[in-house]
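Inspection log for the structure reproduced underneath, given as structure tokens.
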Amino acid sequence: MVKKKKFKKEVLVGWDEKAVKDIANESYVQTIFRRFCHHHLAVISLAVLALLVAAALLAPVIAPYDPDEIVGTFSGAPCREFWLGTDQIGRDVLSRLLYAMRISLLVGVMATLISTVIGVVLGLIAGYFGKGADMIIMRFTDMVMSFPYILLVLVAAAVFKPGLWNIILILGFVDWPGIARLVRGNVLNLRETNFIKGNIVAGMPLGHILFSEILPNTVAPILVYATSVLALSMLDEAALSFLGQGVQPPTASLGNMLNGAQSLTVLTKQPWLWIPPGLLIILLVMSINFIGDALRDALDPNSRG
């Protein structure tokens, strides 16, 4: 007689049966959210970013003064009336910070949106059609990437008149090559899969194949990469405004608020003029980077947890 083998029911260490069953029945979005919440720094960063964005959006309501109005003494120290002091011409620093965040976030979001759209379209075309289209687009991408990034941005900012929308367009048209290469690589892999070949054989329209089949399967890496572009765009805006090539006064931005810190007197005796905008830039960029790292792990299909 053949003896029947007995299999013992295995239970994951540290997991009860209900938890395992809940994980097995959860949706894709719930899985991503659960994995994201495992990154405690990312959750804290998301809360900090949400708070800063809310403060920026509500600036007209919560700002104590008009950001361009002279309301106090020149370079006044923080006091009960002016929590973060006043700048060199007597404007309230706190009010200008709230409005400056709006500018920095607007530049980051719009530049990221423009570069993502350009990169996705060019990457889809290059990856799907290949041959001549791929060669032309990728050689042009390589040419753009061969220039030193900061030098390219500075030259473009010097050629065009400095201003808010010019900076948005410059950063948007400079940051797309990385996204284009990322999308092209994913499309090359997806193009060879059976479900894409099945759509081609079935005679599905090109737009359906590109935007309903291929693009949704490329959204995860695009989203992760876009967070790094967002942080980089905000840093670039701050750098250009600090150098006088970005957002121009009297419009407040975090970069041009730091412009006055070039003076040794300001650096040593008036820290309220440069520490708050500097800390805000650090908080915004670090929060976005932590969120991007957590998204990368949460969207990775090979990730455990």
Do you know the tightest heavy-atom contact between [X] and [Y]?
{"X": "Gly108", "Y": "Met234", "value": "CA-CG, 3.9 Å"}
{"X": "Leu258", "Y": "Gly278", "value": "CD2-N, 4.0 Å"}
{"X": "Ala126", "Y": "Met138", "value": "CB-CE, 4.2 Å"}
{"X": "Thr86", "Y": "Gly72", "value": "CG2-CA, 4.4 Å"}
{"X": "Gly292", "Y": "Val224", "value": "O-CG1, 3.9 Å"}
{"X": "Ala238", "Y": "Ile281", "value": "CB-CD1, 3.8 Å"}

With sequence neighbours excluded, residues passing ring-ring contact (aromatic ring centres under 6.0 Å, His included) with Tyr65:
Phe82

Could I get the full list of ring-ring contact (aromatic ring centres under 6.0 Å, His included) partners for Trp176, not counting sequence neighbours?
Phe140

[atom1]/[X] to [atom2]/[Y] distance, rounded to the nearest 0.5 angstrom?
{"X": "Ile114", "Y": "Phe173", "atom1": "CD1", "atom2": "CZ", "answer": "6.0 Å"}
{"X": "Leu254", "Y": "Ile282", "atom1": "CG", "atom2": "CD1", "answer": "11.5 Å"}
{"X": "Leu171", "Y": "Leu240", "atom1": "CG", "atom2": "CG", "answer": "6.5 Å"}
{"X": "Arg34", "Y": "Thr31", "atom1": "CZ", "atom2": "OG1", "answer": "5.5 Å"}
{"X": "Leu230", "Y": "Ile291", "atom1": "CG", "atom2": "CD1", "answer": "9.5 Å"}
{"X": "Phe195", "Y": "Ile200", "atom1": "CZ", "atom2": "CD1", "answer": "10.5 Å"}

According to a 4.5 Å side-chain heavy-atom criterion applied to Ile, Leu, Val, Met, Phe, Trp and Tyr, with indirect links allowed, do [X] and [Y] form part of one hydrophobic cluster?
{"X": "Leu51", "Y": "Leu97", "result": "no"}
{"X": "Leu283", "Y": "Ile288", "result": "yes"}
{"X": "Met257", "Y": "Leu267", "result": "yes"}
{"X": "Val121", "Y": "Val219", "result": "no"}
{"X": "Leu57", "Y": "Leu284", "result": "yes"}

N/O donor-acceptor pairs under 3.5 Å from side chains in residues 39-49, not counting sequence neighbours:
residue : atom : partner : partner atom : Å
His39   : NE2  : Asp297  : OD2          : 3.3
Ser45   : OG   : Leu41   : O            : 2.7

Is there a side-chain contact between [X] and [Y] (heavy atoms, below 4.5 Å)?
{"X": "Asn217", "Y": "Asn186", "answer": "no"}
{"X": "Arg184", "Y": "Asp134", "answer": "yes"}
{"X": "Leu210", "Y": "Val187", "answer": "no"}
{"X": "Leu84", "Y": "Pro78", "answer": "no"}
{"X": "Pro205", "Y": "Ile209", "answer": "no"}
{"X": "Asn166", "Y": "Lys161", "answer": "yes"}
{"X": "Ser241", "Y": "Asn259", "answer": "no"}
{"X": "Thr227", "Y": "Asn289", "answer": "no"}

Stepwise side chain to side chain contact (heavy atoms under 4.5 Å, CB included) check, Leu52 with Leu105
CA-CA 10 Å; Leu52 293 177; Leu105 288 167; 5.9 Å; no

What residue pairs, at least two apart or across chains, pass side-chain hydrogen bond (donor to acceptor under 3.5 Å, both in side chains) with a residue in [range]?
{"range": "residues 100-123", "value": "Ser104-Glu237"}
{"range": "residues 268-284", "value": "none"}
{"range": "residues 189-212", "value": "His208-Glu213"}

Results of salt bridge (Lys or Arg N to Asp or Glu O under 4.0 Å) for Arg139 - residues two or more places apart only:
Asp142

List in chain and number order the residues that pass salt bridge (Lys or Arg N to Asp or Glu O under 4.0 Å) with Arg96, two or more places apart in sequence or in another chain; answer none if no residue qualifies.
Asp68, Asp87

Any chance you could lay out the side chain to side chain contact (heavy atoms under 4.5 Å, CB included) test for Leu122 and Val183, step after step, and finish with the verdict?
CA-CA 8 Å; Leu122 293 179; Val183 173; over 6 Å; no

Hey, is the main chain of [Y] close enough, under 3.5 Å, to the side chain of [X] for a donor-acceptor pair?
{"X": "Arg35", "Y": "Ala298", "value": "yes"}
{"X": "Asn256", "Y": "Ala252", "value": "no"}
{"X": "Thr251", "Y": "Val247", "value": "no"}

Residues two or more places apart in sequence or in another chain: which of them pass side-chain hydrogen bond (donor to acceptor under 3.5 Å, both in side chains) with Asp92?
Ser95

Checking Gln248 now: which residues fulfil side chain to side chain contact (heavy atoms under 4.5 Å, CB included) with it, not counting sequence neighbours?
Pro162

Going through the distances and angles, do Ile222 and Leu215 end up as a side chain to side chain contact (heavy atoms under 4.5 Å, CB included)?
CA-CA 10 Å; Ile222 292 173; Leu215 186 57; 4.2 Å; yes

Can you tell me which residue pairs pass the ring-ring contact (aromatic ring centres under 6.0 Å, His included) test with a partner in residues 95-137, sequence neighbours excluded?
none

Result block: side-chain N/O donor-acceptor pairs under 3.5 angstrom for residues 149-157, not counting sequence neighbours:
residue : atom : partner : partner atom : Å
Tyr149  : OH   : Asp175  : OD1          : 2.5
Tyr149  : OH   : Asp236  : OD2          : 2.5

